[in-house]
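Numbering of residues begins at 1 and proceeds along the displayed sequence.
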Amino acid sequence: MCLLLGAAGVGKTLLVKRLWKLSVHGGKGDLGDPPPTRPTVGTNLTDIAAPKKITVRELGGCMGPIWPSYYGNCRALLFVLDASDPTQLSASCAHLLALLSAEQLAEASVLILFNKTDLPCYMSVEEMKSLMRLPDIVACAKQNITTMEISAREGTGLAGVLHWLQDTHRASS
């Protein structure tokens with residue numbers, strides 16, 4: 001099981017829809033226009049073929065207080081940050097620290113996604129890492145942590161996310 005977490009409005013739903021479409025087309029091809037999305041209330045399950053089925057459970061950002069009840073059987077964690085919203089960064093950092101300190105997620109591989117890099121006002125990944133003190137967080141974490149810069153809207157970087165999911169799923173099988 002892979003959990004997809006992040007604050008409300010960071011692009012989790014669009015990300016999982018785009019990953020599903022990319023997986024259906026073997027990781028290649030034009031994704032077309034972004035599909036419409038609504039804020040997730042509750043949870044969405046999406047099966048991604050990569051080539052084995054990987055189930056991604058997206059939890060709505062407003063569900064943060066009950067995220068821990070979904071940590072069981074989590075092998076991989078996708079944590080999404082909005083690179084265009086610096087006001088959200090400290091709350092997202094607090095969520096990330098809580099996730100990384102959760103005993104049930106100690107063995108999970110973590111991919112931190114800096115989304116919305118297609119917007120003109122986005123912060124660079126280096127700026128965000130510095131503000132979050134991400135190198136210090138990674139050094140102290142039990143988990144294997146990877147970071148990627150993506151745009152779920154444009155599709156930029158999504159092939160890398162799909163490869164990460166495949167490699168993580170293969171390693172934990």
**OP:** Evaluate the ring planes of Trp67 and His95, with Trp represented by its six-membered ring, and classify them as parallel (under 30°), tilted (30 to 60°) or perpendicular (over 60°).
**Re:** tilted
Original post:
What heavy-atom pair brings Leu134 and Phe114 nearest, and what distance separates the two atoms?
Top reply: CD2-CZ, 4.1 Å
Original post:
Is Asn115 reaching over with its side chain to a backbone N or O of Glu149, donor-acceptor style, under 3.5 angstrom?
Top reply: no
Original post:
Will you find, in the side chains of Asp47 and Thr55, an N or O donor that is under 3.5 Å from an N or O acceptor?
Top reply: yes
Subject >> side-chain contact (heavy atoms from CB on, under 4.5 Å), paired with Lys129, selected from Glu126, Met132, Arg133 >> reply: Glu126
Original post:
Do the side chains of Arg75 and His169 get nearer than 4.5 Å, heavy atoms only?
Top reply: yes
Original post:
Quick check: does any side chain N or O of Asn144 sit under 3.5 Å from a backbone N or O of Ser109, one acting as donor and the other as acceptor?
Top reply: no
**OP:** Group every Ile, Leu, Val, Met, Phe, Trp and Tyr by side-chain heavy-atom contacts under 4.5 Å, then state whether Trp164 and Leu19 land in the same group.
**Re:** yes
**OP:** Taking Gln88 for its side chain and Ala7 for its backbone only, find out whether a donor-acceptor pair lies under 3.5 Å.
**Re:** no
Original post:
Measuring from Ile150:CD1 to Leu111:CG, what's the distance to the nearest 0.5 Å?
Top reply: 8.0 Å
Name each donor-acceptor pair under 3.5 Å that joins a side chain in residues 33-41 to protein atoms two or more places apart or in another chain, with its distance.
residue	atom	partner	partner atom	Å
Thr40	OG1	Thr13	OG1	2.8
Thr40	OG1	Asn44	ND2	3.4
Thr40	OG1	Glu58	OE2	2.7

Original post:
Hey, are the side chains of Tyr70 and Met63 touching, using non-hydrogen atoms and a 4.5 Å cut-off?
Top reply: yes
**OP:** Check whether any side-chain N or O of Ser23 sits under 3.5 Å from a backbone N or O of Trp20 as a donor-acceptor pair, and report yes or no.
**Re:** yes
Original post:
Can you name the closest pair of heavy atoms from Gly155 and Arg18 and give their distance?
Top reply: N-NH2, 4.5 Å
Subject >> Main-chain N/O of Ser124 paired with Glu127 side-chain donor or acceptor, under 3.5 Å >> reply: yes
**OP:** Using a 4.5 Å cut-off on heavy atoms from C-beta on, say whether the side chain of Leu99 contacts that of Phe79.
**Re:** yes
Original post:
When you measure from the side chain of Lys142 to the backbone N and O of Glu107, does any donor-acceptor pair fall under 3.5 Å?
Top reply: no
Original post:
Pick from Thr46, Asn73, Val16, Leu45: which one makes a side-chain contact (heavy atoms from CB on, under 4.5 Å) with Arg57?
Top reply: Leu45
